2 protein chains.
Amino acid sequence: MDGKIVNLKSKIEIYKAMTDGANFADCPVRDVIHGINGKWSPLLVMALAEKPYRFGELRRLVPDISQRMLTQTLHELQRDGYVHREVFPTKPPSVEYSLTDLGRSMFVPLYHLVQWAELNHDAVRDARAAFDARM
Amino acid sequence: MDGKIVNLKSKIEIYKAMTDGANFADCPVRDVIHGINGKWSPLLVMALAEKPYRFGELRRLVPDISQRMLTQTLHELQRDGYVHREVFPTKPPSVEYSLTDLGRSMFVPLYHLVQWAELNHDAVRDARAAFDARM
DNA sequence: AGTGCTGGTCTCTTTTTGAGACTGCCAACA
DNA sequence: TGTTGGCAGTCTCAAAAAGAGACCAGCACT
């Protein structure tokens, strides 16, 4: 599939962009990817792409995340500029998290990757089963 | 940016696909994303998208990966069907790793994400600096 | 006075990752 | 002949990250 040679030169340039500097701190691309790449980051971005959510709502929406990792991941997403955090001074103060413009922009390619996963999880599952059977 | 409402309904469906089952084992999409999402997986897929490489070549190409994680990540990529491993019976046996069709297919959306990172790392870096300055 | 909701933090345990020594085989070199 | 070096890993141990769950203050309702 996808037999067409899409910008082979670009591929090499991007790959070099990922290996330049020989470590994360020196390579911006790897640094950015690392921020998107956390265990919970994609899931939370997908959730917030639908609509803004409050802390407790996210916790209930993703039951198998610990409060510790929810706090920490939201903090990182906020720090990298993907997520906006707003506190409302209600009786028990509530906090709303939403995607920024940068976050919505990043969501576009992330969404493509998730779509790919949705379309191809059968192939991956089959490959995994075949591999395990061979062992 | 990206003001257009791209398939809001699809977004919600995909998001539901990611939360269905309430844990990784029960949710195929999260399971697949998790496989792509490892710390070293995207980098190795980017490298192998350029051309096949041998174990030692990959180790030299990515100097800050440990042999342990290189072995393990390649093994996982092979298990999920993204990477093909071929042993050549040369004097010291050499092993070549290459992308499968499934791997090349997955590379397409991954590549878009990496391109996004390349185009936007300045924005992320700025957001991070602004956030840290506010602290 | 007790219960529950808010958005977290703190501590402890388990899992994952990293650093690097070690293996067996063979070829080239001194 | 002994030594060195490359190949593709495995193994062990220490460090870092993640998970589980107790705990916090403030307010509302009962």
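On a predicted model such as this, the values are computed, not experimentally measured, just so you know.
Rounding to whole angstrom units, OH of residue B:Y97 and P of D:dC7 are separated by 14 Å. The nearest whole Å value for the distance from the CD atom in B:Q78 to the C1' atom in D:dG9 is 14 Å. Atom pair B:M69:CE and C:dT15:P shows a separation of 17 Å (rounding to whole Å applied). Look at CZ on A:F55: it is 7 Å from P on C:dG7, rounded to the nearest Å. Atom CG in A:D64 sits about 13 Å away from atom P in D:dG21, given to the nearest Å. Residue A:I65 contributes atom CD1, which lies 8 Å from atom P of D:dG19 at whole-angstrom precision. Taking atom NE2 on B:H75 and atom C1' on D:dA8, their separation rounds to 15 Å, with Å as the unit. Following rounding to the nearest Å, B:Q67 (CD) and C:dT23 (C1') show an atom-to-atom distance of 12 Å.
Comparing atom distances between the A:K91 side chain and each of D:dA28, C:dG8, D:dG9 picks out D:dA28 as nearest. In the set D:dA8, C:dA19, C:dT17, the nucleotide with an atom closest to the side chain of B:R85 is D:dA8. Distances were taken from every side-chain heavy atom of A:Q72 (C-beta onward) to each of C:dG8, D:dG9, D:dA18; the shortest belongs to D:dA18. Counting only heavy atoms from C-beta on, A:R68 has its side chain closest to C:dT11 among C:dT11, D:dC27, C:dG8. Looking at the side chain of B:T71, the nearest of the listed nucleotides D:dT10, C:dG8, D:dA8 is D:dT10.
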I'd like a table of atom pairs between the protein and nucleotides 2-5 of chain C - only N or O on both sides, under 3.5 Å - with the distance next to each one.
none

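A salt bridge links B:D31 with A:R128; the closest basic N to acidic carboxylate O contact falls under 4.0 Å. Ion pairing between a basic and an acidic side chain is recognised when a charged N comes within 4.0 Å of a carboxylate O; B:D64 and A:R30 show such pairing.
Residue contacts shown for B:S94 are limited to sugar-phosphate atoms, with no base heavy atom under 4.0 Å away. If you check every strand for non-hydrogen atoms under 4.0 Å, B:R59 touches nothing. Across all strands, A:F88 comes closer than 4.0 Å to no nucleic acid atom at all (heavy-atom distances).
Within the 3.5 Å criterion, the main-chain N or O of A:D101 finds no donor-acceptor partner in the side chain of A:S105. In this structure, the side chain of B:T100 engages the main chain of B:G81 through a donor-acceptor pair within 3.5 Å.
Phosphate contact (OP1/OP2 of C:dT16, side-chain N/O of B:K39, threshold under 4.0 Å): absent. In terms of phosphate contacts, A:Y53 brings no side-chain nitrogen or oxygen within less than 4.0 Å of OP1 or OP2 of C:dG7. For B:W40 and C:dG18, the shortest distance from a side-chain N or O to OP1 or OP2 is below 4.0 Å.
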- Message: Let's go through B:V62 and B:W40 carefully: what are the C-alpha distance in whole Å and the side-chain angles of both, what is the deciding distance for side-chain contact (heavy atoms from CB on, under 4.5 Å) to 0.1 Å, and is it a yes or a no?
- Response: CA-CA 10 Å; B:V62 187; B:W40 301 105; 3.9 Å; yes
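Interatomic distance, B:R54 CZ to B:S98 OG, rounded to the nearest 0.5 Å: 13.5 Å.
A:Y82 and A:Q78 are not linked by any side-chain donor-acceptor pair at a separation below 3.5 angstrom, with hydrogens and angles left out of the test.
Ring planes of B:Y97 and B:F55: tilted class, angle from 30 to 60°.
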